[in-house]
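Below is one structure, written out as structure tokens, with a few remarks after it.
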2 protein chains.
Amino acid sequence: MVVTRSDVAREAGVSPAVVSYVLNNGPRPASAQARARVLDAVQKLGYRPNAIASALRAGSTRTVGFLTPNRGNPFFGALAEAVEQNLNDQGYLMLAANTHGYQPDELKLLRTFVDRRVDGLIISGGTTLVGPTLQEVEQPVLVFDDPGSWAGCSSVQPEDHLDAAAAVDHLQNHGHDLIACVVGPPRIGSEARRLAGWRAQQRLRGVYAGDELVAFADQSEAGGDQAARLLLSDHGRPATLHGRRPTALFVASDVQAIGVLWACHELGVRVPEDVAVVSMGGTRAAAYSIPTLTTVRQDVVYLATTGCTQLLRLVADPLTPQTHLRVRGNLVVGQTCGCTVAGSG
Amino acid sequence: MVVTRSDVAREAGVSPAVVSYVLNNGPRPASAQARARVLDAVQKLGYRPNAIASALRAGSTRTVGFLTPNRGNPFFGALAEAVEQNLNDQGYLMLAANTHGYQPDELKLLRTFVDRRVDGLIISGGTTLVGPTLQEVEQPVLVFDDPGSWAGCSSVQPEDHLDAAAAVDHLQNHGHDLIACVVGPPRIGSEARRLAGWRAQQRLRGVYAGDELVAFADQSEAGGDQAARLLLSDHGRPATLHGRRPTALFVASDVQAIGVLWACHELGVRVPEDVAVVSMGGTRAAAYSIPTLTTVRQDVVYLATTGCTQLLRLVADPLTPQTHLRVRGNLVVGQTCGCTVAGSG
DNA sequence: CTGTTAGCGCCTTCAC
DNA sequence: GTGAAGGCGCTAACAG
């Protein structure tokens with residue numbers, strides 16, 4: 001049977017309250033003698049406080065819920081890991097769940113977390129759980145996404161639009177004008193913003209940015225593979241492109257870019273000589289692909305740290321003002337953009 | 001303020017117990033009329049049961065703790081994800097934490113989980129938490145590792161030794177005899193077993209398997225990169241190898257193999273023509289490397305399913321007999337072993 | 001069929 | 001400096 005606080009009290013010859021005083025260093029003092037006897041008894045019996053009972057009484061579980069569409073994606077995986085580490089360091093535990101981007105599941109899991117009285121909630125990008133959906137939640141919420149027009153939660157948001165534009169700009173500086181775009185489903189906010197960033201930057205240079213240059217793809221290697229085959233195929237190229245094949249690809253995520261590189265390899269298309277590639281993410285995989293990816297790196301540790309700090313501040317004091325942070329990525333030059341081949345970058 | 005069960009009871013004009021009966025479909029029946037009024041009140045007030053109170057009373061949190069050394073490693077990441085999915089499907093939530101292979105952290109996190117009264121524990125390979133360490137734990141435990149000589153927990157274990165031998169055997173069948181080995185720290189059980197598998201298979205064919213052929217490396221791309229540079233360097237090659245460079249590498253994990261491929265690329269060593277590579281894992285990354293990895297694939301979904309099933313069986317009935325399952329991987333032929341170049345495989 | 005009640009283990013105010 | 005007691009919200013045994 002499990003040993004309870006009363007058992008310790010009995011063993012130490014004190015009352016249960018004193019056990020609490022000693023173990024929690026307060027809120028009342030205890031004599032040195034009582035303290036010693038309690039600690040001895042704790043040791044002897046191997047007593048461990050029941051965190052569930054404590055949570056019920058104290059109204060805090062020291063747990064944060066983390067909802068993400070897909071931890072298999074290295075970006076979300078790394079973000080989740082960084083968040084977890086941060087929370088652990090602060091004495092919190094993370095309850096995590098994958099939603100697979102499926103809205104009913106998202107809601108169900110959100111409810112589950114709330115029922116379990118998590119102290120706070122973190123919603124990563126790629127979910128539909130932003131703005132109004134979260135209104136009913138009592139706990140503080142942090143979203144790694146655009147919070148929409150609603151200010152009910154704090155947010156730490158990658159600058160998807162600007163970062164995408166920066167990636168495209170880099171390709172343009174290499175002299176490319178026919179730059180195609182591989183991107184995830186546009187119902188996901190971050191993907192829509194990256195697509196818009198690509199389009200805006202193309203138009204800024206007065207370059208064509210029609211739909212024939214866009215391939216929507218699953219956020220996976222396989223998705224990138226298929227998209228690249230589509231965009232680079234010599235068959236059925238739209239008349240609007242005057243028979244030209246894109247000379248560069250902007251790819252909205254590293255994981256898709258890995259698939260793109262593979263497709264190019266299979267098709268005998270050289271990267272970056274025949275087609276240059278720039279992607280977004282900056283995950284570990286990007287640094288060890290062949291050739292290495294030029295990518296706009298998001299610092300997940302920074303995202304996680306600022307996000308967790310703000311969330312825990314809100315947990316400690318719900319009256320803390322909301323914050324909305326936007327974080328720029330930075331271009332990490334690899335081998336896929338062409339900088340290392342011809343010195344035009 | 002949060003709405004409690006008593007509020008619902010008051011609103012519905014019944015007693016709190018009846019609310020429980022209705023919401024839990026038992027343990028006692030309720031009249032159709034009472035049921036309707038309760039459900040109305042629940043709806044109207046937006047009542048959600050407090051899972052913490054329920055857990056305290058019922059003695060079950062419907063939560064499982066998962067301890068892993070490093071979720072950044074695609075293999076553990078995929079395993080964790082599969083486990084999480086399994087548990088969610090059964091109405092459980094997963095509490096997860098990374099130990100970074102650091103024993104004090106492992107113990108601390110284990111304690112934290114136990115304090116929180118998880119219903120069960122899952123320990124992935126790569127931790128030191130096997131056997132006796134877990135004796136003090138009351139909850140059922142499942143380890144994805146060798147449980148040691150101690151039968152206090154159930155286990156689902158990849159056949160590291162046999163799988164490693166199979167990988168080496170495949171290289172041997174391609175005519176290689178000087179097969180080096182890249183492997184993680186031997187204090188980790190799975191790594192030690194893979195190393196032993198390599199050695200046993202080499203000796204089986206009467207081939208040299210000395211320590212000069214082994215490079216211990218961090219379980220990361222960078223680790224594989226460094227190990228490959230060491231083993232393939234033309235400088236300082238041990239006299240015992242008669243000046244020969246290994247013609248093949250057995251790499252104990254995909255993530256290291258990605259680094260190995262990159263090092264080969266950098267060194268101008270062609271894979272598989274100059275050096276053949278076979279690794280272990282079978283993660284998604286292996287299928288999209290250039291060239292694609294020949295690897296011994298572990299079916300993480302199968303591991304997770306059988307593991308979770310057994311654990312939840314133990315949770316439901318602690319008297320369920322322990323089980324110890326060993327699971328073979330299967331060789332997935334890619335392009336790094338040489339099968340696709342010369343038809344000798 | 002329904003209501004009342006005794007805890008689950010802990011924290012903390014209040015009385016000594 | 002210490003002990004007794006109430007209650008966090010819920011479940012289930014026990015009485016009606």
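Throughout, a chain's letter reflects where its sequence line sits, starting with A, and its residues are numbered from 1.
The side chain of A/T4 contributes no N or O atom lying less than 4.0 Å from OP1 or OP2 of C/dC8. Regarding contacts with the backbone of D/dT2, every side-chain N or O of A/S15 stays at 4.0 angstrom or more from both OP1 and OP2.
In this structure A/R111 satisfies the salt bridge (charged side-chain N to carboxylate O under 4.0 Å, His left out) test together with A/E136, sequence neighbours excluded. Remark: A/S54 engages no residue in a side-chain hydrogen bond (donor to acceptor under 3.5 Å, both in side chains) (not counting sequence neighbours). Residues passing the side-chain hydrogen bond (donor to acceptor under 3.5 Å, both in side chains) test with A/T320, sequence neighbours excluded: none. Not counting sequence neighbours, the partners of A/V114 by the side-chain contact (heavy atoms from CB on, under 4.5 Å) test are A/L121, A/V137, A/Q139. The salt bridge (charged side-chain N to carboxylate O under 4.0 Å, His left out) search around A/R10 returns A/D7, not counting sequence neighbours. The salt bridge (charged side-chain N to carboxylate O under 4.0 Å, His left out) search around B/R187 returns none, not counting sequence neighbours. Shown here are the side-chain hydrogen bond (donor to acceptor under 3.5 Å, both in side chains) partners of A/R57, two or more places apart in sequence or in another chain: there are none.
In this structure a side-chain-to-backbone donor-acceptor pair under 3.5 Å is present from B/D317 to B/L319. Counting only distance, with no hydrogens or angles, the side chain of B/T4 and the backbone of B/S6 share a donor-acceptor pair below 3.5 Å.
A/R116 places its CZ atom 18 Å from the P atom of D/dG9, with the value rounded to the nearest Å. Rounded to whole Å, the distance from CZ on B/R10 to P on D/dC10 is 12 Å. Rounded to whole Å, the distance from CG on B/D115 to C1' on C/dC8 is 17 Å. Atom C1' of nucleotide C/dG9 and atom CZ of B/R117 are separated by 9 Å, given to the nearest angstrom. Distance A/L23 CG to C/dC11 P: 8 Å, rounded to the nearest Å.
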Pair up each side-chain donor or acceptor in residues 64-73 of chain A with any protein partner under 3.5 Å, not counting sequence neighbours, and list the distances.
from  : atom 1 : to     : atom 2 : distance (Å)
A/T68 : OG1    : A/S124 : OG     : 3.2
A/N70 : OD1    : A/G72  : N      : 2.9
A/N73 : OD1    : A/F75  : N      : 2.9

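A heavy-atom distance below 4.0 Å to DNA chain D is reached by these residues of residues 48-65 of chain B, ordered by number: B/P49, B/N50, B/A53, B/S54, B/R57.
For residues 32-53 of chain B, every residue pair satisfying the salt bridge (charged side-chain N to carboxylate O under 4.0 Å, His left out) rule, not counting sequence neighbours, is listed here: A/D115-B/R48, B/E11-B/K44.
Closest-nucleotide positions on DNA chain C for A/Y47 and B/G13 were compared, and the one nearer the 5' end corresponds to B/G13. Each of B/P16 and A/V18 was assigned the nucleotide of DNA chain C with the nearest heavy atom; the assignment lying further toward the 5' end belongs to B/P16.
Helix-axis bend for the helix from C/dC1-D/dG16 to C/dC16-D/dG1: the local axis fitted to the five terminal pairs at one end deviates from that at the other end by 50°, rounded to 10°.
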Protein-nucleotides 13-15 of chain C N/O pairs under 3.5 Å:
from   : atom 1 : to    : atom 2 : distance (Å)
C/dT13 : O4     : A/Y21 : OH     : 3.1

